[in-house]
Number of protein chains: 2
Amino acid sequence: MKFLKIPAATITRLSLYTRALETLIKEQVTVVSSKRLAELCGVNPAQIRKDLAYFGQFGVRGVGYYVKELLFDIKKILGLHREWKLAIVGVGNLGCALVAHENFTRQGYRFVAAFDADPMKIGRKLVTGLLINPPNEMHNICRDKQVEMGVICTPAEFAQDIANRLVDAGVKAILNFAPTQIQAPDGIKVENVDFSVKLDNLAYYLTTG
Amino acid sequence: MKFLKIPAATITRLSLYTRALETLIKEQVTVVSSKRLAELCGVNPAQIRKDLAYFGQFGVRGVGYYVKELLFDIKKILGLHREWKLAIVGVGNLGCALVAHENFTRQGYRFVAAFDADPMKIGRKLVTGLLINPPNEMHNICRDKQVEMGVICTPAEFAQDIANRLVDAGVKAILNFAPTQIQAPDGIKVENVDFSVKLDNLAYYLTTG
DNA sequence: ATCTTATTGTGATTAGAGGCACATGCGTGC
DNA sequence: GCACGCATGTGCCTCTAATCACAATAAGAT
Ligand SMILES: NC(=O)c1ccc[n+]([C@@H]2O[C@H](COP(=O)([O-])OP(=O)(O)OC[C@H]3O[C@@H](n4cnc5c(N)ncnc54)[C@H](O)[C@@H]3O)[C@@H](O)[C@H]2O)c1
Ligand SMILES: NC(=O)c1ccc[n+]([C@@H]2O[C@H](COP(=O)([O-])OP(=O)(O)OC[C@H]3O[C@@H](n4cnc5c(N)ncnc54)[C@H](O)[C@@H]3O)[C@@H](O)[C@H]2O)c1
């Protein structure tokens with residue numbers, strides 16, 4: 001089961017499992033069955049076992065999974081055992097909320113650079129103390145600070161340009177909040193977070209059922 | 001092709017298509033082929049045709065789709081030909097960004113009520129002029145204003161309780177930004193927006209992929 | 001009026017993900 | 001030390017979604 005292609009949905013679920021496991025740790029639960037974990041995550045127990053099987057054997061037959069160990073193992077699989085350096089581009093309403101969000105820091109995501117085109121904002125500092133830089137310094141600063149992921153929070157029409165610059169600056173993964181499809185070269189991973197698509201789903205559901 | 005069960009992924013793509021079509025309208029393009037539209041949306045052309053086929057025939061063979069008409073038709077399918085009334089619960093960093101976001105309004109999503117537990121916030125008004133109410137008035141106000149969708153922007157530990165109240169207040173669809181799995185009765189649609197899961201995907205990709 | 005060209009709409013095919021069910025194997029109790 | 005119970009790990013099946021490939025068909029050229 002080692003060298004199969006792993007479904008993207010599996011990775012997304014692993015992320016969900018870590019959350020449930022963290023909750024269990026808070027509740028001082030030490031062992032959990034796939035059945036119980038499945039309930040917490042709203043998935044099928046076999047699904048959990050199969051997801052984990054892609055990466056090895058983590059459970060004990062007849063017993064279940066040791067919560068702490070499993071959490072550690074999944075975090076390692078996902079690459080969450082280390083810190084990740086992020087840059088944010090566009091510190092408007094949404095961008096500021098993201099930078100201020102302390103959960104990200106707790107999970108190992110650290111904003112080490114911020115950029116904005118607004119002359120009123122350049123040179124100022126965010127609440128976290130992070131300095132806002134002009135976009136033309138993206139290349140140097142990102143390389144300097146070894147930024148690995150970029151977060152795009154500008155209006156949609158600038159998103160592609162920003163993405164190009166980020167890639168040029170050595171950034172290998174992009175989280176895009178602008179409501180537009182970004183093109184990126186092979187080897188660069190782009191994820192989109194799209195609120196209005198979700199709202200549209202709700203609207204469809206309420207309309208048609 | 002009329003009474004089949006429609007994949008959720010189809011609905012999500014329809015939403016994407018509307019965006020591309022809106023861009024095309026801005027560029028004064030009047031006709032588009034599934035091939036061109038597919039490029040803009042990053043999907044397979046046959047996928048587009050099949051997605052549309054669930055709902056009828058919208059194109060002209062040998063020609064393509066009339067942009068304006070198709071946009072109109074898809075919006076109607078999604079239920080975006082009308083206004084939707086939303087309530088937001090938790091007007092912190094993220095919640096404020098959402099309410100302030102003018103794209104939503106342009107698309108027909110209108111926040112008609114806001115709730116927060118913080119006594120310092122209750123009674124104040126948001127930048128849009130929307131009054132912040134205490135959570136215990138959720139029932140009355142939501143029924144009064146005929147709120148159809150609820151948006152949860154509180155810390156995770158309160159999300160389930162808020163969801164229950166929203167359901168109790170007659171809300172039929174929930175957009176949840178808190179990083180937790182919400183249980184809702186049948187007939188209530190819940191969508192989750194989950195930034196950190198997306199970041200975890202990127203981390204996995206950079207680690208392994 | 002007929003032929004050509006372009007692109008849709010869709011049946012057939014392929015790929016993939018999810019779930020079932022059972023054999024495997026660990027821990028506990030006798 | 002042996003047997004039993006229980007939850008994992010996994011082969012196999014099912015179901016769904018995506019893609020292919022072509023027949024149907026509209027517009028425009030001849
Ligand atoms: N706020 C929301 O709730 C929300 C919801 C869904 C999607 N979005 C999307 O997220 C993005 C940001 O939204 P927002 O509400 O924060 O908008 P905003 O207008 O508050 O902030 C945008 C920021 O980007 C900066 N900017 C503009 N062009 C730039 C450039 N070329 N380089 C660097 N910075 C630039 C602006 O100066 C501003 O600070 C938009 O694409 C929006 O559609 C936002
Ligand atoms: N800010 C982000 O970028 C971000 C990113 C990912 C996820 N989230 C999630 O979104 C949610 C909100 O994030 P935020 O950054 O806006 O947090 P925040 O602390 O800025 O805002 C939370 C708000 O909820 C209110 N609140 C608390 N309990 C409440 C209750 N029982 N009823 C009504 N209101 C209540 C608080 O008074 C506060 O105003 C959190 O669950 C967070 O994990 C936020």
Side-chain angles (χ1 to χ4, degrees), chain A residues 1-17 20-21 24 29-71 73-74 77 181 197 201 204, chain B residues 1-17 20-21 24 29-71 73-74 77 197 201 204 209:
Chain A
M1 265 289 183
K2 252 322 175 30
F3 300 104
L4 294 177
K5 217 192 119 267
I6 290 144
T10 289
I11 304 305
T12 298
R13 279 190 299 267
L14 286 182
S15 184
L16 249 46
Y17 303 158
L21 290 170
L24 288 172
V29 178
T30 55
V31 179
V32 68
S33 66
S34 59
K35 184 153 173 288
R36 177 88 189 87
L37 188 57
E39 279 163 18
L40 292 172
C41 301
V43 303
N44 183 296
Q47 185 79 76
I48 294 190
R49 300 201 295 274
K50 185 153 269 192
D51 284 339
L52 293 174
Y54 283 113
F55 301 96
Q57 308 204 158
F58 303 94
V60 181
R61 292 175 194 222
V63 178
Y65 301 91
Y66 292 101
V67 176
K68 236 180 140 175
E69 285 185 21
L70 183 60
L71 177 59
D73 289 333
I74 298 183
I77 291 166
Q181 209 61 23
V197 166
N201 269 279
Y204 171 77
Chain B
M1 264 290 183
K2 252 321 177 30
F3 300 103
L4 295 177
K5 215 192 121 266
I6 290 143
T10 289
I11 304 305
T12 299
R13 280 190 298 268
L14 287 181
S15 185
L16 250 44
Y17 303 157
L21 291 170
L24 288 172
V29 178
T30 56
V31 179
V32 68
S33 66
S34 60
K35 184 152 172 288
R36 176 90 190 88
L37 188 57
E39 279 163 19
L40 292 173
C41 301
V43 303
N44 183 296
Q47 184 79 78
I48 294 189
R49 299 200 296 274
K50 185 149 268 192
D51 283 340
L52 294 173
Y54 283 113
F55 302 97
Q57 308 202 158
F58 304 95
V60 182
R61 291 172 196 225
V63 177
Y65 301 90
Y66 293 102
V67 175
K68 236 180 141 175
E69 286 185 20
L70 183 60
L71 177 60
D73 289 333
I74 298 183
I77 291 165
V197 166
N201 269 280
Y204 171 77

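Lettering follows sequence order; numbering is per chain, from 1.
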Legend entry - Pairwise 5' ranking along DNA chain C for A:V43 and A:Y66, keeping only the more 5' one: A:V43
Legend entry - Atom-pair distance (CZ on A:F58; C1' on C:dC26), nearest Å: 18 Å
Inset, instruction - Round to a whole Å and report the spacing from CD of B:Q47 to C1' of C:dG9. - result: 14 Å
Legend entry - Least distance between heavy atoms, B:L40 atom then A:Q181 atom: O-CB, 3.8 Å
Legend entry - Atom-pair distance (NZ on B:K35; P on C:dT5), nearest Å: 17 Å
Inset, instruction - Mind checking B:T10 for me? I need base, sugar-phosphate or nothing, with any heavy atom below 4.0 Å counting as a touch. - result: nothing
Inset, instruction - Would you mind telling me which residue lines up with the more 5' stretch of DNA chain D, A:G62 or A:G59, judged by nearest nucleotide? - result: A:G62
Inset, instruction - First locate atom CD of A:E39, then atom CD1 of A:I48, and finally report the distance between them rounded to the nearest 0.5 Å. - result: 9.5 Å
Legend entry - Nearest listed nucleotide, side chain of A:R49, among D:dC22, C:dA21, D:dA26: C:dA21
Legend entry - Phosphate contact (D:dA7 OP1 or OP2) by A:S33 side-chain N/O below 4.0 Å: no
Legend entry - Gap between atoms CZ and C1', on A:R61 and D:dT8 respectively (whole Å): 5 Å
Inset, instruction - Whole angstrom is fine here: how far is it from CG in A:L70 over to P in D:dA7? - result: 16 Å
Inset, instruction - Go through C:dT7, D:dC20, C:dC20 for me and flag the one nearest to the A:N44 side chain. - result: C:dC20
Legend entry - Length of the line joining A:I11:CD1 and C:dA17:C1', which is rounded to integer Å: 14 Å
Legend entry - Contact under 4.0 Å: B:Q57 side-chain N or O vs D:dT25 OP1/OP2: no
Inset, instruction - Record whether the side chain of B:K50 comes under 3.5 Å of the base of C:dT10 through a donor-acceptor pair of N or O atoms. - result: no
Inset, instruction - Would you kindly give the CG-to-P distance between B:L37 and C:dT7, to the nearest whole Å? - result: 13 Å
Legend entry - Worked check of side-chain contact (heavy atoms from CB on, under 4.5 Å) between B:Y17 and B:D51: CA-CA 10 Å; B:Y17 303 157; B:D51 283 340; 2.6 Å; yes
Legend entry - Any B:R36 side-chain N or O less than 4.0 Å from OP1/OP2 of C:dT7: no
Inset, instruction - Would you kindly give the CG-to-C1' distance between A:D51 and C:dA17, to the nearest whole Å? - result: 10 Å
Inset, instruction - State the CD1-OH distance between A:I74 and B:Y204, to the nearest 0.5 angstrom. - result: 12.5 Å
Legend entry - Distance in Å, B:R49 CZ paired with B:Y65 OH, rounded so as to fall on 0.5 Å steps: 6.5 Å
Legend entry - Short side-chain N/O contact from A:Y65 to OP1 or OP2 of D:dG9, under 4.0 Å: yes
Inset, instruction - Map A:A9 and A:V60 onto DNA chain C by nearest heavy atom, then report which one ends up closer to the 5' terminus. - result: A:A9
